[in-house]
Amino acid sequence: MSIDLKSENLYTQYLTRGKDEAKILGTSDIVKRSIDSGAADQLLNMSSLPGVIGLPIGLPDIHKGYGFPIGSVVAMDPDNGSISPGGVGYDINCGVALISTGVDAKTMRKYLRPLLDDLSSHIPVGTARSRNKLTESQIRTVVEEGIYWPYSMDMATEDDLIKTDFDGHLFGVDEVNISKEAYERGMNYFGTLGSGNHFLEVQRAEELIDHEASEVYGLVQDMAYIMIHTGSRGLGHQVATDYLEQIRALPHNLNLPDPQLSHIMLGSREADRYISAMNGAANYGFANRQFIIYQVRKSLTRVLGREFDAEEAQLIYNISHNLATFEDHHIEGRKRRLLVHRKGATRALPPDAVQGYYSGVGHPVLVPGSMGSASYVLRGKERNDAISMSTCSHGAGRSMGRKLARESISPERVKEEMKRMNIEYTFGNEIAAVEESRESYKNIDEVYAAITGSNIATGVAKLFPMGVLKG
DNA sequence: ATGTCC
């Protein structure tokens with residue numbers, strides 16, 4: 001069926017396909033690419049899920065995923081709506097953490113190669129297993145308590161807790177809702193980075209856009225930072241697989257346009273069980289990122305010695321971009337509670353909706369670019385709940401499928417480009433690096449322009465990679 | 001995304 005388009009302005013396009021409706025925040029070029037790739041059809045499929053409030057929204061980095069597009073947000077009526085594991089994705093609580101090093105980029109440059117070597121010898125990448133396997137009792141604590149487990153082990157500071165999305169802990173987890181298989185994968189892969197778009201980067205603050213917010217966040221021109229992108233590894237993947245498998249056999253899920261759109265009604269026993277398991281996987285994701293932050297601090301201490309002061313290596317923020325959560329938003333002039341699915345989409349709460357440490361400023365919104373390109377730190381803009389339910393893009397978004405990338409780009413070309421840009425690299429797998437190369441992704445500056453142009457967030461700082469560790 | 005196909 002064909003898709004009709006209506007432009008509201010340069011960065012807001014409405015799509016209609018029969019009775020299905022959706023909105024994409026992005027230029028007509030971004031919308032055109034989403035139609036050509038099939039991502040727009042996936043977004044429109046979401047509109048027929050039970051209990052959608054408003055419209056499914058595609059963000060500027062929208063691209064095709066399994067069932068639901070990556071870079072999408074959809075809110076549900078908590079009383080008569082549904083929840084779909086596909087709207088969260090397989091990597092439950094995938095997210096990004098950014099930490100200061102307190103070291104200037106020039107000094108960091110001298111230690112870059114040994115630092116990457118030290119990091120890669122302590123943080124397994126790709127499919128490599130953990131060097132710090134959890135016991136059965138530890139994994140159960142992690143799933144129930146999230147970041148409080150590393151905190152209890154002196155692997156997190158109090159400051160880390162308050163600068164982590166949801167304070168690094170989601171409630172309502174009953175361990176019986178997570179399978180034995182999921183626990184086993186979780187025990188074996190704790191503290192690992194993973195593959196795909198996951199990475200660890202040493203970055204330099206290249207440009208401060210919003211000087212006041214930069215100061216609050218601890219972003220200083222030409223200082224070095226470390227960004228970590230990873231999620232809940234095999235545990236989250238197994239939870240998603242288990243629940244999709246269980247619910248797709250239910251009668252109402254048998255004739256969907258895509259089995260990944262399988263859903264369950266909020267308030268049902270099945271939905272309660274999925275939410276409990278999803279929150280448990282999210283807690284594991286928070287603990288996993290925190291454990292890697294701890295490893296990074298230890299590496300900096302070992303490699304930089306007296307040039308590094310552990311007190312300076314503060315967290316800027318640890319944010320999630322694959323989660324469904326209950327939140328209050330102003331919709332059509334009134335405040336109401338909604339279940340918001342975000343798949344490859346990051347929260348960008350406006351200043352007045354943020355309590356605690358970043359109250360009145362807004363929490364940092366972390367938007368990594370592709371490998372070999374810039375990353376942005378932004379903050380949510382006032383009244384963005386009416387635009388995107390206070391949601392922002394989570395990255396650049398793919399423009400080329402993995403297969404096409406492998407066929408058209410050589411590892412040599414990627415490595416030459418990294419050298420030309422003076423970016424030190426450690427690739428666990430060269431083919432995987434090709435799939436993640438800059439050429440396979442949209443231009444992050446274009447995505448940034450669409451984010452700010454659509455009034456969902458404003459820029460704080462631009463960071464550029466100095467060194468990268470990839471699965 | 002993924003012990004990258006039980």
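Reminder, nothing fancy here: chain letters follow the sequence lines and each chain counts from 1. Because the structure is predicted, anything quoted here is derived from the model rather than measured.
- Here B:dT4 presents its P atom at 17 Å from CG of A:L193, a figure rounded to the nearest Å.
- Nucleic acid contact class of A:G234 (heavy atoms, under 4.0 Å, all strands): sugar-phosphate only.
- Rounded to an integer number of Å, the gap from A:D242 CG to B:dC6 C1' is 14 Å.
- For the 3.5 Å distance criterion, the side chains of A:E327 and A:T325 qualify, holding a donor opposite an acceptor.
- Whole-Å rounding puts the A:E184 CD to B:dC6 P distance at 15 Å.
- One can place CD of A:Q238 at 10 Å from P of B:dC6, the figure rounded to the nearest angstrom.
- For the pair A:H229 NE2 and B:dT2 P, the computed distance is 10 Å after rounding to whole Å.
- Counting only distance, with no hydrogens or angles, the side chain of A:N283 and the backbone of A:V143 share a donor-acceptor pair below 3.5 Å.
- Between A:Y284 atom OH and B:dT2 atom C1' there is a gap of 13 Å when expressed in whole angstrom units.
- Following rounding to the nearest Å, A:I431 (CD1) and B:dT2 (C1') show an atom-to-atom distance of 18 Å.
- The side chain of A:S195 contributes an N or O atom lying less than 4.0 Å from OP1 or OP2 of B:dT2.
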Step-by-step side chain to side chain donor-acceptor pair (under 3.5 Å) determination, A:H229 to A:H394: CA-CA 11 Å; A:H229 181 190; A:H394 82 314; 5.6 Å; no
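- If you take OH of A:Y66 and C1' of B:dC5, they are 12 Å apart, rounded to a whole angstrom.
- Screening A:L469, A:L200, A:V125 for a side chain to side chain contact (heavy atoms under 4.5 Å, CB included) involving A:T426 leaves a single residue, A:L469.
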